[in-house]
**Q** 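First, the structure itself, so that you have it in front of you.
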Amino acid sequence: DSTTRVALVPGGPHPYFAAWEQAGKDAARDFGLAAADYRVPQKWELSMQNQILESLVTQGYNAFLVFPGDPVGTVAIANELAGTGAPVLALAGCLQDPSEAKFCMGTDTGNSAYLGAKELLEVLGPGAKIAHFTGFLVDPNTQLRIDAVARAAEEAGAEVIQVIADIDAPEPAEEKINAYLAAHAGDVDGIITTAWVPAVVAANALRRIGDKRIKMVGIDHDEVVMNAIRDGYVHGTMLQNPYGQGYIGSFVADRLRSGCEVKADAPFKSIALTDKFIDSGTVFAGIDAVDNYVASMQAITAELMEGFEDTYLTCS
Amino acid sequence: MADIEQNSAPVRNPVTAHPPVRQMTAVQRFFLSNEFGLIVLIVLFTIIFASISPMFLSNFSLYAMGRTAAVNIMIGFSMMVVIVTGGLNLGVGAIGVCGAMFGGWLMQAAGLHWLPACFGALIVGALLGATNGVMIVKSGLHSFIITLATMSVMFGAMIFLTQAESFREISPAFSTLGRMKILAVLSPMLLTAIVIGVLLWLAFKFTTVGREILAAGANARAAELSGIRVGRMITYAHALSGVLAVVAGLMLVSRTGAAIPSMAGQLGQDWLLPAFLGPVLGGNLLTGGRISVLGTFLGAFLVTMLTTGLLLMQVGAFWVQTYLGLLLLIAVLLDLARRSYLARNKLV
Amino acid sequence: MTQHITKSDWFGPFVVSVAAIIVVGILKPSFLTPFNIQILLLAISVNALVAFAQMVIIGIGQMNLSVGAIGGLAAISFAGMMEVWGLPWPIAAMLALAVGLLAGVLNGALVALTGVSAFVITLATLSVFKGINLGITEAQPFYEIPEAVKWIGNASLFGTIPLLFFPFAITAIALWYFLFRLPLGRTILAVGGNSHAAELSGISVPKAEIVAHAISGVLAAMAGIMLVARLELGQPSIGDDWLILSFAAPVIGGALLTGGRISVAGTCCGVVIIAIITQVLVLFNIDPFLVQVVLGLLILWAVGVNRLREIRGQRHVPGGAA
Amino acid sequence: MSQFTFQAHAVTKTFPGVVALDKVNLSLTPGSVHALLGENGAGKSTLIKIMTGVHRHDAGHMEIDGTLFAPQSTREAIAAGVGVVHQERNVIPRFSVAENIFLETLSADPWKPINYPKLYRDAEHWLDLLEIDADPSTKVEDLPVAKIQLVEIAKALALKSRILMLDEPTASLTQHETERLFSIVKRLRDDGVSLVFVSHKLEEVQEICDQVTVLRDGRNACESQPLEGLGRQDIVRLMIGRTEQIPTWSQRDCRDRDVALELRGVATQAGHTDVSLSLHKGEVLGLYGLVGSGRTELAKAIIGADKVTGGEILVEGTPRNITSVADALHQNRIGYVSEDRKSEGLILMHSVLDNAGITVWRRLQNAIGAFTDRSVEKAVSPVVKKLEVRTPSLHQTIGNLSGGNQQKVSVAKWLAANVSILIIDEPTVGVDIKTKAYVHELIRDLADAGTSVLLITSDMPEMVTVADRILVMDEFQIRGEVINDRDYDRVSHEIMQHIHGSSEVAAE
Ligand SMILES: Nc1ncnc2c1ncn2[C@@H]1O[C@H](COP(=O)(O)OP(=O)(O)OP(=O)(O)O)[C@@H](O)[C@H]1O
Ligand SMILES: Nc1ncnc2c1ncn2[C@@H]1O[C@H](COP(=O)(O)OP(=O)(O)OP(=O)(O)O)[C@@H](O)[C@H]1O
Ligand SMILES: O[C@@H]1[C@H](O)[C@H](O)CO[C@H]1O
Ligand SMILES: [Mg+2]
Ligand SMILES: [Mg+2]
């Protein structure tokens, strides 16, 4: 049996990562790993995550799947982990090159925001005015997302009339989004949200005003967002593939410990943060996909899984 | 009826001899002190954790614990020097990050050697802290509300200026400090914290400014009327707080090998908890006037240790915080019990 | 009489909030549309309860760091009991309030019995309560909120006054009456004003502490419950951001952190000022990278104006700052 | 069967490092006023605190009407009919006068709404009785110190206790207010109340008391003895073990010496419009006035703690702009001993040494701004010894010292400061007679050594004993000057004339 003990460590408690727990369990069972445990920092704090990771080394984990609390700030600890001989993969979010992570598997957040904005602007038509609700400014993804949405708007001849950031928590999101809609609902044709919480809050707000004129594209698969899509308040959402990340990641980590190497010429994608990126699936789910999005994610996962070893690894 | 004593005019030295006293020795006082309590707790929990998980005392574990504690200790010191004035500094995180980012900028954009860069960062910390101090003194408003507002302004200005981008080109010599191991277990960061702790202790025990800050914190009005420039002392304390916060920030820079805007979370708020935990567990009065550098040091260390121990014991991931809270309560109650036991049995 | 009003604790913040409303209303007429007023009142109603929860503790001269943790725990209890146990919402709400009460009494009892500062105790219980919250939810929200609750969270009278405004208004009046007219409430302020003197006057300080913390717990729980109705889901992260608001509003409203001096009306004004500032940042389309700077400056402005009013005509008191 | 209402047997109480009470006995009879006397730190307040449930005694026992009395809290003591006015002020500053008066009864029925109009009306009764000129709805924090003291007395009276203890109630009262209090005390005594009266003013004791207990070093020097037949010197001997030594100094005139401090037409924000005076080198200049006449405010303006709005202040002949106490101390060598030791004079949580040394740190610091406690100790211990500050060590927290000993330290720290001009405001409030004489001696010694002293006191005998020259202040103005030839009757008469003369003028 494998001696691989995988730790799946998100940046903090967040619904997005819940799927990792099951993914780890499934992978441990399917591939006979010694463990593939989901270990959550109690708070969304860089130092907390670092402390957990250090503790996991002490506890004997030897493979790490990490959502970087910060793309730059997490590099040091990732390198330290790698220094113990454990394979480290950045999962769901990337470390900025250079780092000793084997690669990054996740959503191309810039691309996802770009595609989401495209979907939105398509239904709105040219000359549309849109608002962009996004996450914390200290998260450099936010800047990528702001840029990507702006680029998409420019290409489509639309205008981003307001960006509201720093609202990745329910209460400020509730307050600011509602205040914005109260004053500007008439001025705006569409909304794109590129963080989990604003998506949930904006979906609720639109349902509350009952305004189906304003079109919205959200992110992630929170039930509130999915229901709003079903009921026609939200046009669609940009899905990510957390289960697939956790499942494939655990598998790869074990392979890397049992003699496999990442191919020197592996066909990685390049994104703003890293040149070693594997897209875990960037999917738009509209009304037609809302009831079978799980299936479509599974399909993507299966597909990635199937060719993974051949495409990316050389095993002795 | 009592006798009327006549003509007994005893010559005595009232300072020492009168009335009949049972003087407490320095050792006895120490046994009753908060610091001793913390040491007892640290020893106690070390034994408990080590017997549950021997890995707790492994070299790597001890090293990592010391390194994490060093940052928490510095953050605690930063808050402590303001707490002794009877005030608060909610902006420890914001100032720490601002200073550290400036240091990062000096190294990356201005290409400075790490030593002058750190020095520049500390100056920024002192200036930002002094700004807080001056505003508090001039407005007469509580430091809580002033630092609440300036924390937002300072952090916001930093985000605006850096556009939330990190500085990665930190001189390798500097980031080595964050990874270096002395005798396999000791981090230079912990060493730095110890040295700064000793300096602070000396400053508040033996220098006029230190003592005047304490007097101002204990009773501003009486201090002012005794010829102490209270406003100036409050400004000094805030400036010092800024410097210490930047030291903590620079430690994180050295450790991460980069200056990142999110190192203390949104608005630097991640530092608030460690900022208070050390000083408060260490026995510094929130109302000011009393300082315990050793207490802050030990308090911050205890909390880091409890967290490390709990993480090692693999209690259900989501429950860790509950246990940490309970351990804190137990720690506080144990210390209380210890003191009342000693007092009741007149053991000290 | 006029002098009496202008001298009162809440007058300064009141002037600031009225001035802010007028200025913003003139610059942005959409600020005063019924819908926007409704949004504003909604924010005020919940935030005021959060602020009250802290205000009572400030009144007794202590701090309660666990306000947010209690609110969050009550919120997820409320949502969880409805989703998992299928309890009808009024019963769930009562039980969630009871959770808040229990948490508050626990805080109060620990403070009173050990004599350890409330700051330390609530720092520890904050972890305990938040940990229970995360342990129960594993950071996943409860989604199944009954329609009735969602309706309450979003309905309003005449399109301007949200239903949630009423629990707030009633609580504010009741709290004022309790603190300034009932002996029990006065005892709390007496302890805050000078606990030693209060004790020498035969007031039971421990009892006052327990009562104050119990009230604080219930108020925090109420805010949590109302937020579930408003957010339409039981978010485990409810309460995470309350701490600073909970202090800022009473302090802007004239409360002294040293205790004994608080004002219900002043705290309400503090909440209004903060709500307006938050809205202004959105209304005037401030560059997101500058929002924090402007926010800080506006807070300084608000407290500064109030302070200037206080200083004028006052004697020079050395060492007034801390 | 015991004839006494209250009895304390061999009550003992120790604090860390201090035996405050050592087998003390006390018996109170109904309808009498019992004097509890002793030097500063003798244990008077401690005994009272034990009787009122503030402290618990270590040994011995107390009885009321033959049943054991061991109050565990203030509430229990109040319930047993024991009321008290403590030596230190204990009011809720933000509460109204009326609420403070009825604070004890307030918590009796926690849910019964307070009827404020009625509360105010009830309070009027007590305010009238004590002739306190204040609205019952005024916040106590807005009252001057003397009135707060009266409110505390009203508060104790309102309890209608069987045993009422007054711990130095007259320390900050004027003669008129004291007389008022005494007439009430007599009435209570006649109603059968048992009163305990603590004071360092022996004239008052002899006027009002009929029994006496003297404590010395925490032990009974005498025990519940009739006061009748004991002369002043007998009492003094019980208290300090020897007779009183009243220092007398011959008349002195320093007006031909250089002027150390001069005020020319000084106006202040506090309300002075035109104050002129000169203080000569080595002179003790008295500033007499009734409470509220503006002496303290003038002192604060001189040292830069209050704003000066007009006129000139000259130190050693040169005009100075003093904007802070630090300026006054370090640039002009002027010091000020505050009348309010608790909030302005001392840092209660710090040690005796830190309090006494606070003014010398800067003088003792070396090049890097550091100093050692030992050097401070060396600088302050002569004065601390001279004043016989009773403390187990210099490291004792000053808040744990008896009131009078605290007062000594608040004077001592300015004696140590080595200033050339010292303003001393009410230096002997609450100080025992022995120490009072020491303080007077010290003031004279300072003057003899060349320090110029501006002495503010409301204690007429003190003024006549110590001052060389006396200025009379009333309503923020200097009304006249009296050359002190130590003839008490003449000097005091002349002073009162200046005050009454001015009020007659004002009335016209
Ligand atoms: N809380 C305390 N802790 C330690 N020592 C104390 C405390 N309270 C009083 N003492 C000591 O007990 C002794 C008696 O003090 P007490 O206050 O009873 O004196 P007193 O007779 O009232 O003097 P005064 O006339 O100055 O008021 C003093 O030596 C004092 O220092
Ligand atoms: N009876 C009073 N009623 C109202 N205010 C008073 C009264 N007595 C004093 N004050 C206030 O106190 C101030 C003057 O007191 P100050 O302390 O300067 O006088 P003083 O001559 O030093 O008297 P003392 O120190 O004996 O009280 C004035 O500003 C006045 O407003
Ligand atoms: O918005 C979501 C969440 O906020 C989380 O950061 C994970 O991925 C992002 O896309
Ligand atoms: Mg006394
Ligand atoms: Mg005076």
Side-chain angles (χ1 to χ4, degrees), chain A residues 10 12-18 21 38 40-44 131-138 142-143 146 161-187 196-197 200-201 203-205 207-210 222-224 226-228, chain C residues 28-40 42-43 46-47 50 68 75 127 130-131 133-134 137-141 143-145 150 153-155 223 227 230-233 235-242 245 274-276 278-289 291-292 295:
Chain A
H14 195 290
Y16 174 84
F17 302 103
E21 182 162 22
Y38 176 59
V40 189
Q42 287 300 291
K43 275 175 272 177
W44 198 275
H132 179 193
F133 302 154
T134 187
F136 288 117
L137 286 172
V138 288
T142 302
Q143 190 57 57
I146 292 175
I161 58 169
Q162 181 139 18
V163 180
I164 302 182
D166 273 345
I167 50 172
D168 212 355
E171 291 153 67
E174 177 81 13
E175 225 165 283
K176 289 194 181 169
I177 289 174
N178 279 318
Y180 181 72
L181 289 178
H184 295 296
D187 312 339
W196 182 297
V197 177
V200 174
V201 171
N204 264 336
R207 179 191 293 276
R208 191 176 308 149
I209 332 177
D222 192 285
E223 266 187 53
V224 169
M226 299 323 268
N227 282 331
Chain C
K28 280 273 168 176
S30 59
F31 177 70
L32 291 175
T33 56
F35 184 41
N36 197 45
I37 293 175
Q38 182 203 341
I39 297 297
L40 208 55
L42 207 49
V46 179
N47 290 351
V50 174
S127 272
K130 183 68 197 182
N133 175 332
L134 288 176
T137 61
E138 308 213 320
Q140 300 298 312
Y143 287 101
E144 275 153 43
I145 308 302
K150 294 185 182 174
N154 295 295
L227 260 179
R230 193 177 129 200
L231 298 173
E232 306 183 4
L233 76 173
Q235 268 278 358
S237 65
I238 283 176
D240 285 359
D241 295 325
W242 287 4
L245 166 90
I274 292 173
I276 293 174
T278 311
Q279 277 223 343
V280 162
L281 297 174
V282 173
L283 285 184
F284 290 89
N285 199 356
I286 310 283
D287 178 345
F289 280 92
V291 162
Q292 292 300 342
L295 172 72

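Computation of the quantities below employed the complete heavy-atom set of this structure, encompassing side-chain atoms and omitting hydrogens, waters and symmetry-equivalent molecules. Letters A, B, ... are given to chains in the order of the sequence lines, protein chains preceding strands, and every chain is numbered from 1.
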**Q** Tell me which of these, A:A183, A:A173, A:A165, has more heavy-atom pairs under 4.5 Å with chain C than the rest.
**A**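 The option with the most such pairs is A:A183.
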
**Q** Who among A:E174, A:E175, A:K43 has the most heavy-atom pairs with chain C under 4.5 Å?
**A**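 So the answer, after comparing A:E174, A:E175, A:K43, is A:E174.
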
**Q** Might you point out which heavy atoms bring C:V46 and C:A223 nearest each other, and give the distance in Å?
**A**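 Answer, listing the atom of C:V46 first, then C:A223: CG1-O, 3.9 Å.
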
**Q** Quick one: does A:E171's side chain have a donor or acceptor within less than 3.5 Å of a partner on C:G239's backbone?
**A**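 Yes: the side chain of A:E171 pairs with the backbone of C:G239.
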
**Q** Between C:S237 and chain A, with a heavy-atom cut-off of 4.5 Å, which part of the residue counts as in contact: side chain, backbone, both or neither?
**A**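 Contact with chain A involves both backbone and side-chain atoms of C:S237.
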
**Q** Heavy-atom cut-off 4.5 Å, strictly under: side chain, backbone, both or neither for C:L233 against chain A?
**A**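 It is the side chain, since no backbone atom gets that close.
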
**Q** Could you pull out the closest heavy-atom pair between C:G68 and C:W242, with the gap in Å?
**A**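 For C:G68 versus C:W242, the nearest heavy atoms are CA-CE3, 3.5 Å.
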
**Q** Under a 3.5 Å distance rule, please check whether C:N36 uses its side chain to pair with a backbone N or O of C:L32 as donor and acceptor.
**A**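 Not a single qualifying donor-acceptor pair exists.
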
**Q** Please classify the contact between C:L227 and chain A as side chain, backbone, both or neither, with a heavy-atom cut-off of under 4.5 Å.
**A**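 For C:L227, the side chain is the part near chain A, not the backbone.
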
**Q** Under 4.5 Å heavy-atom distance to chain A, tell me which part of C:P141 shows up: side chain, backbone, both or neither.
**A**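 For C:P141, side-chain heavy atoms alone lie under 4.5 Å from chain A.
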
**Q** Top residue by heavy-atom pair count (under 4.5 Å) with chain A, among C:L42, C:D240, C:I238?
**A**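 Option with the greatest count: C:I238.
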
**Q** Any chance you could measure A:T134, atom OG1, to A:D166, atom CG, to the nearest 0.5 Å?
**A**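 The distance works out to 9.5 Å.
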
**Q** Would you mind telling me which of A:I209, A:I164, A:D222 has the largest number of heavy-atom pairs within less than 4.5 Å of chain C?
**A**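 Option with the greatest count: A:D222.
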
**Q** Keeping the roles fixed (side chain from A:Q162, backbone from C:V282), state whether a donor-acceptor pair exists under 3.5 Å.
**A**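 Checked: pair present.
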
**Q** Minimum heavy-atom separation for A:T142 and A:F136, please, with both atom names.
**A**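 Looking at all heavy atoms of both residues, the shortest contact is OG1-O, 2.5 Å.
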
**Q** Where on A:I177 is there a heavy atom nearer than 4.5 Å to chain C: the side chain, the backbone, both, or neither?
**A**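 No part of A:I177 comes within 4.5 Å of chain C.
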
**Q** Is it the side chain or the backbone of C:F31 that comes within 4.5 Å of chain A heavy atoms, both, or neither?
**A**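 C:F31 has no heavy atom closer than 4.5 Å to chain A.
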
**Q** Can a donor-acceptor pair be found, under 3.5 Å and without considering hydrogens, that links the side chain of C:T137 to the backbone of C:P236?
**A**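 Not a single qualifying donor-acceptor pair exists.
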
**Q** Using non-hydrogen atoms and a 4.5 Å limit, figure out which bit of A:V224 sits close to chain C: side chain, backbone, both or neither.
**A**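 Contact with chain C involves both backbone and side-chain atoms of A:V224.
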
**Q** Where do A:A131 and A:Y180 come nearest, in terms of heavy atoms and distance?
**A**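 Looking at all heavy atoms of both residues, the closest pair is CB-CE2, 3.9 Å.
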
**Q** For chain A, find which of C:R230, C:Q235, C:Q279 contributes the most heavy-atom pairs closer than 4.5 angstrom.
**A**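 Ranked by contacts with chain A, first place is C:R230.
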
**Q** Report which part of C:Q292 has an atom under 4.5 Å of a heavy atom belonging to chain A: side chain, backbone, both, or neither.
**A**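 For C:Q292, the contact with chain A is made by the side chain alone.
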
